[in-house]
Protein chains: 2
Amino acid sequence: MGISERKEREKTEMKELIRAAALKMFLEDGYAKTSIRKIADAIEYSPGTIYLYYKDKDELLYEVQGLAYGKLLDAFKAEANSDDPLKRLIQMGKTYVSFGLENPELYDLMFIIRAPTNVDEESHKDNGDKTFQYLLDCLEECINKKLLRITDLQLGALQIWSMVHGLVSLNLRCRLKVMAIEQQELKVILSHAIENYIASVTL
Amino acid sequence: MGISERKEREKTEMKELIRAAALKMFLEDGYAKTSIRKIADAIEYSPGTIYLYYKDKDELLYEVQGLAYGKLLDAFKAEANSDDPLKRLIQMGKTYVSFGLENPELYDLMFIIRAPTNVDEESHKDNGDKTFQYLLDCLEECINKKLLRITDLQLGALQIWSMVHGLVSLNLRCRLKVMAIEQQELKVILSHAIENYIASVTL
DNA sequence: CAAATGTACTGAATGGTGTTCAGTTTTTGA
DNA sequence: TCAAAAACTGAACACCATTCAGTACATTTG
């Protein structure tokens, strides 16, 4: 029966249409400033229709988060691919920070926005896992080859991620005003911060 | 002329009444979920009245941010006061993280919430400066006494702050799900992360 | 003291938000 | 062709920050 297959296809096409519009608007204006009404306007459907395909605005957020984690993983694969795991680790740090500063609204909904409480647990977290795994693999290789002062994989990953997330999020939220950093120096200083940190944990 | 003085006093009392109600509700329910209407209800005035004392909700945020930075500074003075600057630095890190985890809504409005664009620049940032200075002083002493691998005060402060902010904010935003950390282990792991980090930059 | 001025406050109105659901339109299958 | 099912609509609900004409009270002036 071909009809139910077409129905299925149309359903996923509609979901895709909504997701694409949402992604575009989230990127341009941010999650908070993008309303369901505006998305509906953009795709020329009524607001109610969106709720036939997504339970609520949060579900749309998860959908886009998945895409975003994938984008970050792609960036890692493209820019952090040195054979030397130590170099790769530094590349990852710089890629992460650049990604955050160049895609502020995306970074926001990936890591800063309040994660809704009605978490579906098992769904949507696949891409995030894969991206995190890329860090774990790199770090594990560094540890195995005894290149770092770090011995615990979990603890090391937590430290590295916290450092780069801290750098990006304090910047995006303008909390470094207190340090009076010139905007043009910013990327240089952040680069130094990452290199400096990795250097200090290198044996 | 005593009347204008009384007027003045009444005005500051009213501002204080509003600020106190706002602080209480921000702490309990968070900034986003606290509406001007609810604050007005709590102090038994109409919503419009609040706008006679504060330009908008953002100004109320700045007011409470100032208080919060003061609270953090107090915590530093109480818990991070060792004569050994290195010990003091570790104490500061732990105090910062505890403060964040124990006062999630407060931490949120201090460091995570989107800082409104219409920043008044010169006002309200005093308390933040003082608190940051406490870190700078400690770190400078460490550098002067050649206790650390860190040589640049700015860069070092940026690194340390980013690390602890990263730890706290990833936790508050539930982004460490991917690491599957048990809730009871959390504080221990965070403690280790801080000690580990400071140890790795210690000469 | 009475009238005029000034100040404090109100609360309805404006234009937004996410979400729901009765009702309409379109598509399907017999 | 026609009833049932599916898709879609848009007004309605309960919120939100903010504004402002109008009211009530306090103070100053004649």
Side-chain angles (χ1 to χ4, degrees), chain A residues 1-19 21-22 25-26 28-64 105 109 113-120, chain B residues 1-19 21-22 25-26 28-64 105 109 113-120:
Chain A
M1 176 84 42
I3 286 175
S4 67
E5 282 161 25
R6 175 172 58 79
K7 279 273 162 97
E8 196 69 24
R9 182 159 37 81
E10 280 174 357
K11 195 145 199 167
T12 63
E13 273 169 12
M14 187 66 169
K15 281 197 91 165
E16 173 51 32
L17 180 69
I18 297 170
R19 176 175 46 203
M25 299 175 81
F26 287 172
E28 283 169 10
D29 310 320
Y31 178 75
K33 286 192 175 173
T34 301
S35 71
I36 297 288
R37 279 173 178 77
K38 286 180 193 162
I39 297 173
D41 268 10
I43 60 172
E44 297 179 290
Y45 279 85
S46 92
T49 301
I50 290 175
Y51 287 87
L52 300 174
Y53 296 89
Y54 291 95
K55 196 173 110 284
D56 50 24
K57 204 185 167 189
D58 290 343
E59 203 164 284
L60 224 27
L61 172 64
Y62 289 128
E63 198 80 27
V64 173
E105 295 297 353
L109 67 84
I113 275 186
R114 225 176 250 269
T117 44
N118 51 356
V119 184
D120 240 11
Chain B
M1 173 82 48
I3 288 176
S4 66
E5 284 161 23
R6 174 172 56 80
K7 284 271 164 95
E8 195 68 26
R9 182 159 36 81
E10 281 174 355
K11 195 146 199 166
T12 61
E13 272 169 11
M14 188 65 170
K15 280 198 92 165
E16 173 52 30
L17 180 68
I18 296 170
R19 177 175 46 204
M25 298 175 81
F26 287 172
E28 283 170 8
D29 310 321
Y31 177 76
K33 285 191 176 175
T34 301
S35 70
I36 297 287
R37 279 172 176 76
K38 286 179 193 163
I39 297 173
D41 267 11
I43 60 171
E44 297 179 290
Y45 279 85
S46 92
T49 301
I50 290 174
Y51 288 88
L52 301 173
Y53 296 89
Y54 292 94
K55 195 173 113 283
D56 51 24
K57 203 184 166 188
D58 290 343
E59 203 164 283
L60 223 29
L61 172 64
Y62 289 128
E63 197 80 27
V64 174
E105 294 298 351
L109 66 84
I113 273 186
R114 253 194 163 89
T117 45
N118 51 356
V119 183
D120 241 9

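In what follows, every chain begins at residue 1, and chains take the letters A, B, ... in the order their sequences are listed. Hydrogens, waters and symmetry mates are skipped; everything else that's a heavy atom, side chains included, is used.
Ion pairing between B:Glu16 and B:Arg19 holds under the 4.0 Å rule for side-chain N and carboxylate O.
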Reading nucleotides 12-23 of chain C from 5' to 3' and marking B where a protein heavy atom lies under 4.0 Å of the base, S where only the sugar-phosphate is that close, and - otherwise, the string is -B---BBBB---
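Residues A:Ile18 and A:Tyr45 are not in side-chain contact: their nearest non-hydrogen atoms beyond the backbone lie 4.5 Å or more apart.
At whole-Å resolution of the value, CD1 in B:Ile39 and C1' in D:dC16 are 12 Å apart. With rounding to whole Å, B:Leu52 atom CG is found 13 Å from C:dT7 atom P. Between the P atom of C:dA8 and the CD1 atom of B:Ile50 lies a distance of 16 Å, rounded to the nearest Å.
Applying the side-chain hydrogen bond (donor to acceptor under 3.5 Å, both in side chains) criterion to A:Arg37, with sequence neighbours excluded, gives no partner residue. Residues forming a side-chain hydrogen bond (donor to acceptor under 3.5 Å, both in side chains) with A:Glu10 (at least two apart in sequence, or on another chain): A:Arg6. Under the rule for a side-chain hydrogen bond (donor to acceptor under 3.5 Å, both in side chains), the partners of B:Tyr31 that lie at least two apart in sequence or sit in another chain are B:Asp58.
Smallest separation of non-hydrogen atoms from B:Ala22 and B:Leu60: CB-CG, 3.9 Å. The two residues B:Ile43 and B:Ala21 have their closest heavy-atom pair at CG2-CB, 3.5 Å. Residues B:Glu105 and B:Gly30 come closest through the heavy atom pair OE1-CA, 3.1 Å. When every heavy atom of A:Ile39 is checked against every heavy atom of A:Thr34, the shortest pair comes out as CG1-CG2, 3.7 Å. In plain terms, the two heavy atoms of B:Met14 and B:Thr49 that are nearest each other are CE-CG2, 3.6 Å. Between A:Ala40 and A:Ser46, the shortest heavy-atom contact is CB-C, 3.8 Å.
Using a 4.0 Å heavy-atom cutoff across all strands shown, B:Tyr53 reaches sugar-phosphate atoms only and no base atom.
Listed by residue number, the members of residues 11-19 of chain A with any heavy atom below 4.0 angstrom from DNA chain C form an empty set.
At the phosphate of D:dG10, neither OP1 nor OP2 sits under 4.0 Å from any side-chain N or O atom of A:Tyr45.
End-to-end axis angle of the helix from C:dC1-D:dG30 to C:dA30-D:dT1, using five pairs per end and rounding to 10°, comes to 30°.
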